[in-house]
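We count residues from 1, following the sequence as given. Below, all heavy atoms of this structure are taken into account, side chains as well, without hydrogens, waters or symmetry copies.
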Amino acid sequence: MKAAARTTPRLWAVRNSSIHGKGVFAQCAIAAGARIIEYTGERICEDEASARYGDEGSGQPHVVLFSLEDGTVIDGGRGGNEARFINHSCQPSCQAVEEEGRIFIEALRTIAPGEELTYDYYLELPGRHTRAVKSRYPCRCGAPECRGTLLAPKGRSRKG
């Protein structure tokens, strides 16, 4: 007789989000420091990412790209997993950690069952962040100290 396979309940589930579109939500309590999911997708160069998602003329740029320290970009929109649905927050519950060319989403603090998983996208754009530029990357997180944009404050980086 074959032994039953042990199944581990999933820590998270994808459902509709009040922040934006779909989101990822804790199914159970998640401990601070826990590694939750890897951000996966097709690995491409920055030029290919710009060709695919150049946002000139677009009212809403796509945010499914993750830049790695070596210049490679992970396109979560192609071959990616559910991590691409984790929304941005200016006061996030998670952080993105790069390790050996891979991106992992880890809990910054204990996350309650039913709470939406979020991390700060810290989008970096060259040039001046005018009001018009910021308005193309609106933040909908609703956090008390929301900065109003997905863009990183000038002079700060998600790795810094």
Report yes or no: do [X] and [Y] belong to one cluster of Ile/Leu/Val/Met/Phe/Trp/Tyr joined by side chain heavy-atom distances under 4.5 Å?
X: Val14; Y: Leu11; value: yes
X: Leu123; Y: Ile105; value: yes
X: Leu68; Y: Tyr121; value: yes
X: Phe25; Y: Ile19; value: no

Identify the two heavy atoms, one from [X] and one from [Y], that lie closest to each other, and give their separation to 0.1 Å.
X: Ser17; Y: Gly23; value: CB-N, 3.7 Å
X: Tyr39; Y: Gly76; value: OH-CA, 3.7 Å
X: Tyr119; Y: Pro92; value: CA-CB, 3.4 Å
X: Leu65; Y: Ala49; value: CD1-CB, 3.9 Å
X: Glu98; Y: Glu69; value: OE1-N, 3.0 Å
X: Ser89; Y: Ala143; value: OG-CB, 4.4 Å

Distance from [X] atom [atom1] to [Y] atom [atom2], nearest 0.5 Å?
X: Arg140; Y: Cys90; atom1: CZ; atom2: SG; answer: 12.5 Å
X: Arg35; Y: Glu106; atom1: CZ; atom2: CD; answer: 4.5 Å
X: Glu46; Y: Ser67; atom1: CD; atom2: OG; answer: 5.5 Å
X: Arg136; Y: Thr130; atom1: CZ; atom2: OG1; answer: 9.0 Å
X: Arg109; Y: Ser93; atom1: CZ; atom2: OG; answer: 5.0 Å
X: Leu117; Y: Ile30; atom1: CG; atom2: CD1; answer: 5.0 Å

field: Residues Asn87 and Glu116: side-chain donor-acceptor under 3.5 angstrom
entry: yes
query: Step by step, would you call Cys139 with His88 a side-chain contact (heavy atoms from CB on, under 4.5 Å)?
result: CA-CA 7 Å; Cys139 178; His88 162 89; 3.3 Å; yes
message: For Ile111 and Ile36: C-alpha separation, side-chain torsions, deciding distance, then whether side-chain contact (heavy atoms from CB on, under 4.5 Å) applies.
response: CA-CA 11 Å; Ile111 301 169; Ile36 300 168; 4.2 Å; yes
Do [X] and [Y] have side chains that approach each other closer than 4.5 Å (heavy atoms only, starting at C-beta)?
X: Arg15; Y: Lys22; value: no
X: Leu125; Y: Tyr137; value: yes
X: Arg131; Y: Thr149; value: no
X: Ile103; Y: Ile74; value: yes
X: Glu99; Y: Phe104; value: yes

Asp47 with Arg52: basic N within carboxylate O range, under 4.0 Å: no
task: Using a strict cut-off of less than 4.0 Å between a Lys/Arg side-chain nitrogen and an Asp/Glu carboxylate oxygen, indicate whether Glu48 and Arg43 qualify as a salt bridge.
output: no
- prompt: Please walk me through it: do Trp12 and Glu82 pass side-chain contact (heavy atoms from CB on, under 4.5 Å)?
  reply: CA-CA 10 Å; Trp12 48 265; Glu82 292 90 342; 3.7 Å; yes
Check: Gln91 side chain, Cys146 main-chain N or O, donor-acceptor pair, under 3.5 Å: no
task: With side-chain contact (heavy atoms from CB on, under 4.5 Å) as the test, would you mind laying out the steps for Leu150 and Asp120 before giving the verdict?
output: CA-CA 8 Å; Leu150 305 178; Asp120 194 326; over 6 Å; no
